[in-house]
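All remarks here apply to the structure that follows.
A note on names: the letters A, B, ... follow the listed sequences, proteins ahead of strands, and every chain is numbered from 1. Below, all heavy atoms of this structure are taken into account, side chains as well, without hydrogens, waters or symmetry copies.
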Amino acid sequence: MFNLFLAVFPEIFIINATFILLIHGVVFSTSKKYDYPPLASNVGWLGLLSVLITLLLLAAGAPLLTIAHLFWNNLFRRDNFTYFCQIFLLLSTAGTISMCFDFFDQERFDAFEFIVLILLSTCGMLFMISAYDLIAMYLAIELQSLCFYVIAASKRKSEFSTEAGLKYLILGAFSSGILLFGCSMIYGSTGATHFDQLAKILTGYEITGARSSGIFMGILFIAVGFLFKITAVPFHMWAPDIYEGSPTPVTAFLSIAPKISIFANILRVFIYGSYGATLQQIFFFCSIASMILGALAAMAQTKVKRLLAYSSIGHVGYICIGFSCGTIEGIQSLLIGIFIYALMTMDAFAIVLALRQTRVKYIADLGALAKTNPILAITFSITMFSYAGIPPLAGFCSKFYLFFAALGCGAYFLALVGVVTSVIGCFYYIRLVKRMFFDTPRTWILYEPMDRNKSLLLAMTSFFITLFLLYPSPLFSVTHQMALSLYL
Amino acid sequence: MDLIKYFTFSMIIFILGIWGILLNRRNILIMLMSIELMLLAVNLNFLVFSVSLDDMMGQVFASLVPTVAAAESAIGLAIFVITFRVRGTIAVEFINSIQG
């Protein structure tokens with residue numbers, strides 16, 4: 001009996017931390033004795049600490065992988081894949097929370113519930129990564145999404161924020177409905193919701209004609225639901241609006257954390273749960289369309305957050321290349337791509353948050369950043385070059401490995417489109433760098449120096465991005481382990 | 001034959017829910033109701049399949065989905081309330097202040 005609880009000990013801890021922080025926040029921020037203090041930073045630091053302790057519990061609990069097998073028949077599965085994926089998710093969450101503290105101070109954002117919801121959503125994402133049954137997967141996806149709907153609308157007085165929250169709610173609820181319909185079709189056609197049972201039934205299954213129309217519809221709808229959630233084209237309808245309207249830390253969260261966990265779920269369902277019956281064509285098509293749209297639409301953007309939204313859509317397209325292959329190399333390249341994408345995105349959003357002084361919204365505001373803030377300009381340039389895929393930075397490594405995997409399994413057209421759109425995309429990334437270094441704006445904007453958290457985060461991520469090429473083997477061997485344990 | 005009849009019924013409700021979201025021109029409460037319709041149709045689907053397969057997991061799933069639907073509508077209504085406070089209207093045409 002104790003094995004059951006030990007196996008989910010990190011989740012139990014983070015749920016307890018959520019509730020204790022919620023009660024702590026409510027009791028102290030409504031107490032007359034302490035004069036109603038705003039507790040956002042306080043709860044924020046405690047929340048960051050609890051995420052790090054959860055990470056410690058998870059990382060030190062490696063021997064539990066062998067005794068956690070009791071969970072397999074029910075709802076969750078812990079193996080190498082979930083181990084490393086959850087560690088990575090918790091690291092990204094910790095990094096993104098540490099970006100928020102300055103935002104709370106500057107914007108006078110008093111709601112401590114922001115951090116509580118982020119912790120709850122992180123717990124949902126931990127469950128999502130280890131989910132091994134359609135029920136558990138759906139419930140965990142909903143737990144994560146519901147928390148995000150609220151924090152996307154958290155700036156209650158701002159029109160942009162409430163509209164972004166509204167659009168995110170409708171988009172997310174619609175996609176969850178479609179996902180659930182797919183789950184019901186698969187359940188109806190096979191009678192199984194557990195991935196092990198689904199794997200035994202569906203692997204190598206040929207989708208032919210009317211006999212298997214239920215399974216076909218189920219897999220199609222689940223794929224569409226997932227593609228809505230990772231904002232792939234042609235299901236990216238309101239994603240740029242949501243990214244632009246939400247408060248910037250929330251946009252940072254939206255671009256990083258749900259994508260990691262939804263990709264983990266996609267890998268479980270489509271690579272383990274139903275290998276032969278997967279509609280590979282739909283992922284091919286969405287990958288190509290995302291890359292093309294991400295490259296072309298970002299050229300016309302004049303606002304920084306919208307540009308980052310479109311570049312994230314394009315990057316999802318590249319990452320889906322690794323998934324469309326279906327080989328172990330493909331999955332390994334997908335995991336490397338996600339890892340490097342999360343680090344680059346954290347870098348980019350930390351810089352956008354650092355430049356918030358006079359509300360940098362437009363790209364033109366970045367003019368002459370090189371003269372006022374040379375180190376920040378250099379860091380931003382490194383990030384943009386890494387997004388563009390210029391060697392010897394980390395972004396080049398991830399794209400190279402993705403195209404290599406695509407060529408290795410014979411998807412020549414995919415790799416060709418990837419390379420062409422990568423080159424087209426270089427244009428707007430380098431245009432940002434040019435604005436920083438060579439343009440002079442009409443009114444010079446001076447930025448305050450950033451706080452310690454963001455500078456530490458930026459230092460670590462830029463260090464990794466710059467020097468990844470020299471020693472990539474730890475990441476390669478970790479992702480190889482993850483990809484292998486996905487098949488077992 | 002019975003299974004197909006019930007399944008068609010819940011499929012029609014699901015499609016009505018999707019149309020309600022996509023073809024909505026009045027106000028966004030209709031969108032929330034359509035989302036609820038979609039989730040309800042899928043719930044009915046689960047129950048129908050559970051009875052026809054004589055399996056319990058469908059009913060387990062069907063008893064967990066409404067909790068999620070309820071939480072979602074609570075959050076949706078809260079977001080509509082703050083939208084109304086900021087704008088003074090919940091007509092769909094005005095939900096376009098983020099352009100591009």
**Prompt:** For chain A, which residues from residues 14-23 of chain B have at least one heavy atom closer than 4.5 Å to it?
**Reply:** B:Phe14, B:Ile18, B:Ile21

**Prompt:** For chain A, which residues from residues 49-58 of chain B have at least one heavy atom closer than 4.5 Å to it?
**Reply:** B:Phe49, B:Ser50, B:Leu53, B:Asp55, B:Met57, B:Gly58

**Message:** Walk me through whether B:Phe61 and A:Tyr187 qualify under ring pair (Phe, Tyr, Trp, His ring centres under 6.0 Å).
**Reply:** CA-CA 10 Å; B:Phe61 216 151; A:Tyr187 169 69; 7.8 Å; no

Is [X] in contact with chain B via its backbone, its side chain, both, or neither, using a 4.5 Å heavy-atom distance?
X: A:Leu139; answer: side chain
X: A:Phe221; answer: side chain
X: A:Met237; answer: neither

**Fill in**
Residue from A:Val150, A:Ile178, A:Leu169, A:Leu143 scoring the most non-hydrogen pairs under 4.5 Å with chain B is A:Leu169

**Pair A:Phe76 + A:Tyr132: ring centers closer than 6.0 Å** = no

Is there a side-chain contact between [X] and [Y] in this structure, where contact means two heavy atoms from C-beta onward sitting under 4.5 Å apart?
X: A:Thr248; Y: A:Lys305; answer: yes
X: B:Pro66; Y: B:Asn43; answer: yes
X: A:Gln144; Y: A:Met128; answer: yes
X: A:Cys183; Y: A:Ile222; answer: yes

**Greatest number of heavy atom pairs closer than 4.5 Å to chain A - which of B:Ile35, B:Val65, B:Ile75** = B:Ile75

**Under 3.5 Å: donor-acceptor pair, side chain of A:Arg431, backbone of A:Met299** = yes

**Asked** Is A:Glu244 paired with A:Arg306 through a side-chain N to carboxylate O contact shorter than 4.0 Å?
**Response** yes

**Request:** Would you please classify the geometry between the A:Phe148 ring and the A:Tyr168 ring as parallel, tilted or perpendicular, with 30° and 60° separating the classes?
**Result:** perpendicular

**Donor-acceptor side-chain pairing of A:Lys229 and A:Ser176 below 3.5 angstrom** = yes

**Asked** Considering residues, nucleotides and ligands other than A:Phe109, do more than 12 of their heavy atoms fall under 6.0 Å from its CZ?
**Response** yes

**Item:** B:Ile4, CD1: over 12 other non-hydrogen atoms inside 6.0 angstrom
**Value:** no

